[in-house]
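Okay, so here's the structure we're looking at.
Throughout, protein chains are lettered first and strands after them, A, B, ... in sequence-line order, and every chain is numbered starting at 1.
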Number of protein chains: 4
Amino acid sequence: MKTRVGRPRSEKSREAVLAATHALLGEGGRLTFEAIAKRAGVGKPTIYRWWPSLADIVLEALLSQADAEIKVSRSSSLRDTLQDFLRQSMQAITAGAGTHLRFLMAQAQQDEAFRVRFREKFTAERRKVLRSIFQDAVERGQLDKRQNLDILADMVFGAMWYRLMLGHLPMDELFAGELAETVAKLVQSHAAD
Amino acid sequence: MKTRVGRPRSEKSREAVLAATHALLGEGGRLTFEAIAKRAGVGKPTIYRWWPSLADIVLEALLSQADAEIKVSRSSSLRDTLQDFLRQSMQAITAGAGTHLRFLMAQAQQDEAFRVRFREKFTAERRKVLRSIFQDAVERGQLDKRQNLDILADMVFGAMWYRLMLGHLPMDELFAGELAETVAKLVQSHAAD
Amino acid sequence: MKTRVGRPRSEKSREAVLAATHALLGEGGRLTFEAIAKRAGVGKPTIYRWWPSLADIVLEALLSQADAEIKVSRSSSLRDTLQDFLRQSMQAITAGAGTHLRFLMAQAQQDEAFRVRFREKFTAERRKVLRSIFQDAVERGQLDKRQNLDILADMVFGAMWYRLMLGHLPMDELFAGELAETVAKLVQSHAAD
Amino acid sequence: MKTRVGRPRSEKSREAVLAATHALLGEGGRLTFEAIAKRAGVGKPTIYRWWPSLADIVLEALLSQADAEIKVSRSSSLRDTLQDFLRQSMQAITAGAGTHLRFLMAQAQQDEAFRVRFREKFTAERRKVLRSIFQDAVERGQLDKRQNLDILADMVFGAMWYRLMLGHLPMDELFAGELAETVAKLVQSHAAD
DNA sequence: AACTAAACGAGACGGTACGTCCAGTCTTTAA
DNA sequence: TTAAAGACTGGACGTACCGTCTCGTTTAGTT
């Protein structure tokens, strides 16, 4: 049988929880199950029934935002493609996702099980996109095929995360542009090998 | 007046707190003021008197470890210098500092005031060292003087932090070596400009 | 119309609920709707549909036991009749009804509406029996007709309940016998008036 | 050493808890730790630290009332002494203690450990008083020395508790008087033996 | 034989209170 | 005057049940 018996899960409650989480994160206060339940007009057990941790709620809230999607425009230039990708990422971060991301990465340090889910549901997807951008460059002969693409991806995402989390320098389009450019130079050098 | 009156601060208590913090972090349990106080045989108010937050205790515990110091051997090759620097960093992380670092960065996301202190007392120092390594390369003509060194530092430290915090790939000497090599290639390409 | 349309009440469920209640009370654990529903294999709403409170279930479980009935053997001696009545009561209590009774009286303290139902369905019936025993004695001239029989009934039932609930002294046949005897002496004294 | 170190227990909190409990019981609402903590302006852990159950708080609240004390005026007549004792008890009950007593006895049915404390701290004391009244009568030859005084005490206290908890007939001075008189008659009969 | 309507099991819902942990503060005695 | 010990208020935790609700299913009597 397909349909389970019993009262079905309330879609309304699910959305209320995600919306409340969104709002609370934006307001800067401490995010707690209690506050979410109150704001969403939902019972605490309902939240515990469906999400194993605060971080999982935030992750779902992040993923449920349609505008979180990034459309990569594949141009023939690695530099332009990368710049577009990083600028879009940057915009999403400064538009609000930054708070979610910082929360998620912090929680991942305190909850090993969540760290695995975070990798699988979020960062692995993001890495896949960046990797395919690099793969294209390899195939066009713009990037040395001996280059470890994981290292390259770690450098690019790492720079973004590091600046986001440490806050020592601004997260802006200039940074995204320069980052793309620096990597692009590396690409050219490899082509010259 | 120089010497304050009254009972002086107990150096023994200070060390007991740092040792307890060290031990608790290593055991993987949740780090709390209560647990530290109990383990150190010290009253909670004593801890609150001397440290503004858990993270500050951990930071002091980290800095008080003599072996946390990294001695950079300046060779004429950027690649070798970098490799030495990154390998030493990696060793410190895998030897135990990794837990401290992850905790500190996580706390910095939840405590803006601590984030500032963390930058000033720890990451700024580390960046200074890496920056001087790059500066040497610029002066030797191995690195394009137009290259933004902050971006470069963000990429190197970022890759390390990103992998440490996400745990998607191993933190090992191979990684440190390949990371140094990738940056060194970039350097060579710039020299060729 | 007499026979209502639709599915009739399930006698099987009713009995399963009473049996589960019986079992759970005997096991000493806390009695809850949830536990009864689970044990009886019955939905919670089914229970709420037919019983207004836990206490009402327990009351019905108690009354549905055929062996809970007490047959009074009316002898010409008040003392013997009373002793038979109290000994039978005592046996029912020690055989298991004691747990039910304690639960019911406790609930009656927290639920005024149930207290009324408890009186009407249970204690009033029991008082009626004892009262008729006393009435017989009055008619035989063994008991002063000016004696307030309610007071007398309160003393007899009160002593039983008090000892059952407080547990300071054993609930046994000796107690039942001595209680009957003490009342019987009172009776004789009145006859002597 | 006599005086313990550390902050001493707050007498103010203790009194606030007892006062809040008193007030809440009087208002008829359900008595909970949460409500007491809120009303008393006290943290829940403070209550849990000092009292093992709600019933223990109510018991302490009851015992802390100076007016709960009953002074027995020993006259030469058992009947008068008893009547005085029971009337005072009745007055205390109707004046407010009745709510406490009903709550305590109900809780004693659900918490075996408390039932023991309740017996030791409250009912044993009350029984001691009544027993000494009967003992006096025995010594004066007004009461058969073979009479089991425990049974007698169970009948008197039982009648009071039974009527209080069941509520089938009024708790008033008339009841107290008639109860005393009925027992007194029994006494006379024994003297006549 | 198909239809109607109520009762059924299952289980999710909003909610209250539980009993606990820890935060951060306060009050006392000891050093 | 500071340290230690430990009790304090208070907030959130995660859980157990409450009493209600919404499903799809079952079971009679009615058409």
Residues A:K121 and A:E60 bridged, charged N to O under 4.0 Å: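 Judged by the 4.0 Å cut-off on N to carboxylate O distance, A:K121 and A:E60 do not form a salt bridge.
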Looking at C:R117 and C:E120, does any basic side-chain N land under 4.0 Å from a carboxylate oxygen?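 No.
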Examine [N]: is either OP1 or OP2 under 4.0 Å from a nitrogen or oxygen in the side chain of [X]? Give yes or no.
X: C:R49; N: E:dC8; value: yes
X: B:S13; N: F:dA4; value: yes
X: B:W50; N: F:dA3; value: yes
X: A:T46; N: E:dG14; value: yes

Residues D:Q65 and D:H22: side-chain donor-acceptor under 3.5 angstrom: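 A donor-acceptor contact under 3.5 Å links the two side chains.
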Counting N and O atoms only, with roles assigned by atom type, does the side chain of A:R115 sit under 3.5 Å from a partner on the main chain of B:M165, one being a donor and the other an acceptor?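 Flag set: sc A:R115 to bb B:M165 pair under 3.5 Å.
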Starting the side chain at C-beta, find the nucleotide from [options] nearest to [X].
X: D:R9; options: E:dC8, F:dA7, E:dA23; value: F:dA7
X: D:R7; options: E:dC26, E:dT20, E:dG15; value: E:dC26
X: A:P8; options: F:dC23, F:dT9, F:dA16; value: F:dC23

Name every residue in residues 14-41 of chain A that has at least one heavy atom under 4.0 Å from any atom of DNA chain E, in order of residue number, or write none if there are no such residues.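 Contacts with DNA chain E under 4.0 Å: A:G41.
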Could you pull out the closest heavy-atom pair between B:T32 and B:L54, with the gap in Å?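 So the minimum-distance heavy-atom pair works out to C-CD2, 3.9 Å.
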Return the minimal non-hydrogen interatomic distance between B:L101 and B:W161, and the atom names on each side.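 Taking B:L101 first and B:W161 second, the nearest heavy atoms are O-CZ3, 3.4 Å.
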Is A:S10 touching bases, backbone alone, or none of the nucleic acid, heavy atoms closer than 4.0 Å?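 Sugar-phosphate contact only.
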Just how far, in rounded Å, is [atom2] of [N] from [atom1] of [X]?
X: C:I47; N: F:dG19; atom1: CD1; atom2: P; value: 11 Å
X: D:Y48; N: F:dC13; atom1: OH; atom2: C1'; value: 14 Å
X: A:I57; N: F:dA12; atom1: CD1; atom2: P; value: 15 Å

When the nearest nucleotide of DNA chain F is assigned to A:P45 and to D:E11 on a heavy-atom basis, which residue is associated with the more 5' position?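 Mapping each residue to its closest nucleotide by heavy atoms, the 5'-most match is D:E11.
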Would C:R9 pass as a cation-pi partner of C:W50, given that its NZ or CZ must be under 6.0 Å from the six-membered ring centre and within 45 degrees of the axis?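 Yes, cation above the ring, under 6.0 Å and within 45°.
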Between the base of E:dG11 and the side chain of C:K44, is there a donor and acceptor pair under 3.5 angstrom?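 By the distance-only test, no, there is no pair.
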